[in-house]
**Q** 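I'd like to ask you about the structure that follows.
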Amino acid sequence: MSEEINVPGTVEVFKFFSELSQVPRGSRYTKKISDFLVDFAKERNLSYYQDKLNNVIIRKEASEGYENADPVILQAHIDMVCEKVPGSTHDFENDPISIHVDGDWMTADGTTLGGDDGIGVAMILTVLDSDEIKHPAIEGIFTVDEEIGLLGAAGLDANQIHARKMINLDSEEEGIITVGCGGGAEADIILPVARENKKGLNVTLKIDGLRGGHSGAEIHKERANANILMGRLLYEVKRSVPFSLVNLAGGNKNNAITKICEADIVIEPVDYEELCDVVDQVAKDLAHEYRNSDPDVKLSVIKGEVGKALAITEGSLECLVTFLMNAPQGIQHMSTDLEGLVETSLNLGVLNLTENELRGEFCVRSAVASRRHNLQDKLDSLLTSLGGYVNIQGEYPAWEYKADSTLRDVSVKVYEEQYGEEPRVEAIHAGLECGLFAGKLGEDYDAISIGPDMEGVHTTEERLNIPSTKRVWKYLTGVLAAMK
């Protein structure tokens, strides 16, 4: 470990990560962090470009002896997923992230940590700041709104990018060199509803205790989605207890497997015990089915007062429950090219019942464009049959494996020298901005993605491994030095 600590820039990586954590940088709210990067460039007399989306490119000349080497892009996204524990008063638009160190792990106090992808940003800043690290000419590309559809990378002007070799720093497992990823899109569903006045006992049904996780990196773990489970619960209740639905809400990120979903309903007071019996039976079924993936799944019945409520009509309820019972979720196809790789999946990450409509957000992914389009068509067919519709946005292409990659070859060689073993070279199901850059930069584009060990990304359990970060930093600087 002492050797790792002595690698130039190791301390600075964590210093910059700490500084980044003081700047609010949730998706869609990236102006402050974008200006932070511009100020960083100005203070060091580095050339920079900032666009209207808040993307930033910072350029640094090659180290002595590297003037003739091909320039390299170091790329990471500056936005983060903003999740907090129930009851937290944290304001992601204004409050800094409170970082804690627990042994070998770095965590946050009741919120997401922002290691995804703050640690990648910190590494790039350290390269740009250092006079000791040897490297070719660098283009540090910092993109916005990656977490909500890769919007920054999609909107970045390719004419501003001169290099064609790129190291993306948005991976979350040490020892893997990623060389391909799936494409994807956001599918927003809208199902109109009508409302009417109802009177009865107000009750809240709640599903929580789920592990959640990243729908790209952890969809293969078969973790339960609270939104889908709520559809099942409402269907079972509807079979035994007449009820009216007032509110329904679950999740706030389409790429996060939903951990909590709540439904407010109205029933006849005399049916309360029957309702509890139904929920208890569903809870037992789910506890058995998800005993390994979500052992803490919990269903709650919260009894309210008798009163009036504006609920959706019986016809609207029928359509809503039918949609949730039939909506596809999770893995749809496994790859036949790469063993163990998820090819096609989707995740209903957001669900909200407004005054006039049910709104939901799916994250749809596939390495095969035609299968993603077919999955989107299935959603459209289901919604159209129920009187709703689907909007597709934020589409991004897959990043295909490149048979002849000098960057991959150098990276594998350096890894073997430093670690004494071969790395895993593979493609992933989750979408990376590498796919969009592949579409922008043409046939000469050559990329890899690396990163340190992280767990629980997109959740309040997110944590970053400190020793792994040190090793990956040493590895990154080794790759740069080897590109002479």
Side-chain angles (χ1 to χ4, degrees), residues 27 77 79-83 112 115-117 145-151 170-173 178 180-189 207-208 210-231 250-261 290 293-294 297 324 327-335 340-352 359-368 371-372 375-376 378-379 390 392-396 398-399 427-435 449 451 454-462:
S27 301
H77 64 86
D79 64 313
M80 63 175 281
V81 169
C82 296
E83 291 280 356
T112 37
D116 174 18
D117 188 21
D145 296 343
E146 186 270 353
E147 300 289 5
I148 54 174
L150 316 183
L151 304 182
D170 191 21
S171 289
E172 295 148 13
E173 188 172 351
T178 302
C181 71
E186 177 182 316
D188 295 337
I189 66 101
I207 299 176
D208 64 350
L210 303 178
R211 285 179 171 172
H214 191 296
S215 67
E218 296 173 302
I219 200 73
H220 65 285
K221 296 179 180 179
E222 297 286 350
R223 291 180 179 173
N225 181 305
N227 290 332
I228 298 297
L229 294 190
M230 183 58 77
N252 54 27
K253 302 290 180 183
N254 64 50
N255 58 2
I257 303 171
T258 311
K259 299 170 62 176
I260 301 173
C261 186
Y290 294 98
S293 62
D294 293 273
V297 58
L324 290 177
Q329 166 68 30
I331 297 172
Q332 305 298 301
H333 296 284
M334 296 296 293
S335 173
L341 177 67
V342 178
E343 179 207 87
T344 306
S345 78
L346 78 170
N347 176 66
L348 179 56
V350 181
L351 199 62
N352 281 297
R359 303 185 67 90
E361 295 180 19
F362 282 91
C363 182
V364 187
R365 306 177 189 272
S366 183
V368 179
R371 278 193 159 156
R372 174 168 62 82
L375 191 51
Q376 293 165 187
K378 286 184 178 181
L379 288 175
V390 177
I392 304 298
Q393 60 180 348
E395 293 186 273
Y396 57 92
W399 165 31
I428 63 169
H429 181 54
L432 287 172
E433 292 165 299
C434 299
S449 179
M454 280 183 267
E455 296 180 355
V457 295
H458 296 187
T459 77
T460 54
E461 285 76 44
E462 180 185 6

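Since the model is a prediction, treat every value here as computed from it, not as a measurement. Basis for what follows: all heavy atoms, side chains included, without hydrogens, waters or symmetry-related copies.
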**Q** Can a donor-acceptor pair be found, under 3.5 Å and without considering hydrogens, that links the side chain of D117 to the backbone of H77?
**A**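 Flag set: sc D117 to bb H77 pair under 3.5 Å.
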
**Q** Are the side chain of T258 and the backbone of G349 linked by a donor-acceptor contact shorter than 3.5 Å?
**A**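 Pair found, side chain donor or acceptor close to backbone of G349.
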
**Q** Take E395 and R372, measure what salt bridge (Lys or Arg N to Asp or Glu O under 4.0 Å) needs, and give me the verdict at the end.
**A** CA-CA 10 Å; E395 293 186 273; R372 174 168 62 82; 2.9 Å; yes

**Q** Using ring pair (Phe, Tyr, Trp, His ring centres under 6.0 Å) as the criterion, list what pairs up with H429, not counting sequence neighbours.
**A**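 Partners of H429 by the ring pair (Phe, Tyr, Trp, His ring centres under 6.0 Å) criterion come out as none, since no residue qualifies.
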
**Q** Let me confirm one number: the CD-OG1 distance from E462 to T460, rounded to the nearest 0.5 Å.
**A**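 Here the rounded value is 10.0 Å.
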
**Q** So if I apply the side-chain hydrogen bond (donor to acceptor under 3.5 Å, both in side chains) rule between S215 and each of K253, Q329, R365, which one comes out positive?
**A**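 Answer after filtering K253, Q329, R365: R365.
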
**Q** Report yes or no: does N225 contribute a side-chain atom to a donor-acceptor pair with the main-chain N or O of L348 at less than 3.5 Å?
**A**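 Side chain of N225 to backbone of L348, a donor-acceptor pair under 3.5 Å: yes, one is there.
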
**Q** Please confirm whether the backbone N or O of E173 pairs with a side-chain atom of S171, one donor and one acceptor, at under 3.5 Å?
**A**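 Not at all, since once roles are kept as given, no pair shorter than 3.5 Å links the two residues.
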
**Q** Would T459 and R211 count as a side-chain hydrogen bond (donor to acceptor under 3.5 Å, both in side chains) if you check the C-alpha gap in whole Å, the side-chain angles of each, and the deciding distance to 0.1 Å?
**A** CA-CA 9 Å; T459 77; R211 285 179 171 172; over 6 Å; no

**Q** Would you mind reporting whether H220 and S345 have side-chain heavy atoms less than 4.5 Å apart?
**A**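 Sidechains of H220 and S345: no contact.
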
**Q** List the atom of G250, the atom of N227, and the distance in Å for their closest heavy-atom pair.
**A**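 Heavy-atom minimum between the residues: CA-OD1, 3.3 Å.
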
**Q** Taking side chain as C-beta onward, heavy atoms only, is L341 less than 4.5 Å from M334?
**A**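 Side chain of L341 against side chain of M334, heavy atoms only: no contact under 4.5 Å found.
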
**Q** Closer than 3.5 angstrom, by distance alone: can the side chain of D79 be matched with the main-chain N or O of D145 as a donor-acceptor pair?
**A**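 Checking the backbone N and O of D145 against the side chain of D79, a donor-acceptor pair under 3.5 Å is found.
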
**Q** Return yes if some donor-acceptor pair links the side-chain N/O of E218 with the main-chain N/O of H214 below 3.5 Å, else return no.
**A**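 Checking the backbone N and O of H214 against the side chain of E218, a donor-acceptor pair under 3.5 Å is found.
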
**Q** Does a salt bridge link R371 with E343, judged by any charged N lying under 4.0 Å from a carboxylate O?
**A**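 Looking at R371 and E343, the cut-off is met.
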
**Q** How about F362 and L375: do any of their side-chain heavy atoms sit closer than 4.5 Å?
**A**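 A side-chain contact under 4.5 Å is absent here.
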
